[in-house]
Amino acid sequence: MAQVSLTFPDGNQRAYPAGVTPGEVAADISKSLGKKAISAQVDGQHWDLQWPIEHDAAIAINTMSDRAPALELVRHDLAHIMARAVQELWPDVRVTIGPVIEHGWYYDFDRQEPFTPEDLGAIEKKMREIIAARDPVTTEVWERDRAIAHYTANNEPYKVELVEAIPGDEPLRMYWHGHWQDLCRGPHLQHTGQVPADAFKLMSVAGAYWRGDSSRAMLQRIYGVAFLNRAELKAHLHMLEEAAKRDHRKLGREMELFHMQEEAPGQVFWHPNGWTIYTALQDYMRRKQRAGGYNEINTPQVVDRKLWEASGHWDKYQHHMFIVEVDESRDGETDDAAVRDKTRTRINALKPMNCPCHVQVFNQGLKSYRDLPLRLAEFGSCARFEPSGALHGIMRVRGFTQDDAHIFCSEDQIQSECARFIDFLADVYRELGFPDFEIRFATRPEQRVGSDESWDYVEGALENAIKAVGRDYTLEPGDGAFYGPKLDFYLTDAIGRVWQCGTFQVDPNLPERLDASYIGQDGDKHRPYMLHRAVLGSFERFIGILIENWEGKLPFWMAPRQVVVASIVSDADDYCREVAAALQARGIRAETDLRNEKINYKVREHSVGKVPVILACGAREVEDRTVTVRRLGEKQTQNRALDDLANDLAREATPPDLA
RNA sequence: GCUGCUGUAGCUCAGAGGUAGAGCACUCCCUUGGUAAGGGAGAGGUCGAGAGUUCGAUUCUCUCCAGCAGCACCA
């Protein structure tokens, strides 16, 4: 009989009959390992305990203490257990797919009636019964015809479709969790009892398209989270609560930053406090850009469709544009709709992007190679008709302002401009409190314009630029824009969430379409490249990220209300006004709170409002010309001389680029 | 846009086929209080919009609008 030689992690080798399974190997090592085993790594591949090993291989047996495979298996088995529970409760439900995702899994079902929160409870209960039953998990490889016949007979059309989509040379694997069967790649646990019964929770149900295709059936997706023990589950649920606490929509209301209303969906009404943040950030970016060699411009919002036709947006982006039809016959003539000339109608669109307008600025007058690179920046207010379901607070809106710029340059300037931009962006992110960020390099997609040589050159230039500034990046092959490759910049917030903000895109296409040119050293006309770039992305979204990152407790220089001077007794009112005025004279955003309320009340209210510094003044402070300082989040107070404190606060209030 | 859910006072939410309630916030009064809510009184709502059923609709039905979760979208 043929033998296979298995090498264990400690270097030991043992011979087994070919076709031995990791489960048999584990049981051979020890009875307890045989029981504890959950799966194996065979030549680095995650391997089911039941799969035969036919060749010499390196093998390691996984148990629950091998975190990554354990989590993978627990979540994956839970997906099957949940699907089984659902079909036991409602036999007419059709099953589809149920993959493992970050923190847990989901499974998509086809069912007429919606699942209710009570249903989730019933499913969870049934799942615990299945786990308690310790049903064996078994597997078999089936022929395609058998699988199709089986699923056809059982009225599981989605499964039939899945089987048909699997390439003919790939074996079809079936898994049983007790009596319940599902098509699955595996691997799985030994039996359902290996799933920790107290470390999972069904979270929510939501719609999802079959195979992610919006033209196909809408299924119901049940999400679950699962961990290896109860403590981890609780920690995760606690983290979700933390994220909810940081929700910028909630903090925006509490801190009186902005509001939105149904007459202007997806657009922000900024209140004084929120606008203070906005302008502080914008003033900062304006200084940075000026120092970074950009020329700030401003371009129209309402632009004739002719320009959008020329730029290609009318063809490709029209459904995302706010289109404005203007009846020009009323121009200076009449307000009476009946006598207007309907033929004098002009079609405009609100700009969804600034680039075509920036080319118009570039195109004014003759440009020389000496003018390049020309960096035109605009805090460009754009309007995009985003799908209603995409809107989300101030993070995904229909009206927003980008920190946009376009760099017009020659081909051989792309690399240095890219390196220069990465440095610029890193500097801004660092100063704004995001020292770590990730670069993703998206290369040529299937559908593209331009020659392969040109793509080779430009992709090479970007790659060299990243290397020149000494940064790592991950590759996203095929994810570039149709006109050119791009770099996307992702920052990580205080609770580990990742946000794409910055971007750098090489575009030879739009200068061509809009006929931009410059005179080269040789006296001939040349086509410039256009580099689209943004650091923050949009002010609206970035401020949302800042609010959530800092939980509303923004750095002092951005805080909308930096100091509240609160009186303890009304005899201190005049002194409080004097203190506030002294701080205001130093450029600090200070207010007084002289209301007839106790200091406890005032402290609570301004703490909830995230005011970083509360200065309390009573009889003692008036007497000594001091203030008692209470910093947000600190219990302890500090008595300080007014002048001293004013110096400190003035320093703290200085934006990072001026410090 | 799609599926599901939601829409009642500024905010958070309760309620019911017979035109509405709480807490906080707000106004006034008492209180001058030393670091996360002092006490009392008062005012405040076309119950998201429109249509239908009904003697009567904020409540039931339909349509629309907006929000929430997810999906799709984010050249």
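Within every chain, numbering begins at 1; the chains are lettered A, B, ... in the order of the sequence lines, protein sequences first and strands thereafter.
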**Asked** Watson-Crick or G-U wobble partner for B:rC71, using a 3.5 Å limit on both distances?
**Response**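 Pairing partner, where one exists within any strand: B:rG1.
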**Request:** Can you tell me the pairing partner of B:rA25 across any strand shown, Watson-Crick or G-U wobble, with both distances under 3.5 angstrom?
**Result:** none
**Request:** Would you tell me if any nitrogen or oxygen in the side chain of A:T637 comes within less than 4.0 Å of OP1 or OP2 on B:rU35?
**Result:** no
**Message:** Is A:R396 close enough to B:rC68 that one of its side-chain N or O atoms is under 4.0 Å from OP1 or OP2 there?
**Reply:**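 It does not, given that no N or O in the side chain of A:R396 lies less than 4.0 Å from OP1 or OP2 of B:rC68.
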Taking the same atom, [atom1], in [N] and in [M], what whole-Å distance lies between them?
N: B:rA36; M: B:rU59; atom1: C1'; result: 40 Å
N: B:rA49; M: B:rG7; atom1: P; result: 13 Å
N: B:rU58; M: B:rG48; atom1: P; result: 10 Å
N: B:rU3; M: B:rC64; atom1: P; result: 11 Å
N: B:rA25; M: B:rG50; atom1: C1'; result: 33 Å

Report the distance from atom [atom1] of [X] to atom [atom2] of [N], rounded to the nearest whole Å.
X: A:R541; N: B:rC74; atom1: CZ; atom2: P; answer: 15 Å
X: A:D573; N: B:rU32; atom1: CG; atom2: P; answer: 14 Å
X: A:E597; N: B:rA25; atom1: CD; atom2: P; answer: 8 Å
X: A:K553; N: B:rA36; atom1: NZ; atom2: C1'; answer: 13 Å
X: A:L202; N: B:rG4; atom1: CG; atom2: P; answer: 20 Å
X: A:K598; N: B:rA36; atom1: NZ; atom2: P; answer: 12 Å

Determine whether a donor-acceptor pair (one donor, one acceptor, N or O, separation below 3.5 Å) exists between the side chain of [X] and the base of [N].
X: A:R216; N: B:rA72; answer: no
X: A:H313; N: B:rA75; answer: yes
X: A:E621; N: B:rG34; answer: yes

Scan [X] against the nucleic acid and name what it touches under 4.0 Å (heavy atoms): base, sugar-phosphate only, or nothing.
X: A:R221; result: sugar-phosphate
X: A:A616; result: base
X: A:Y209; result: base

Would you indicate which nucleotide in [options] comes nearest to any side-chain atom of [X]?
X: A:H392; options: B:rA69, B:rA37, B:rA72; answer: B:rA69
X: A:R604; options: B:rC26, B:rU35, B:rA37; answer: B:rA37
X: A:E386; options: B:rC73, B:rU35, B:rC11; answer: B:rC73

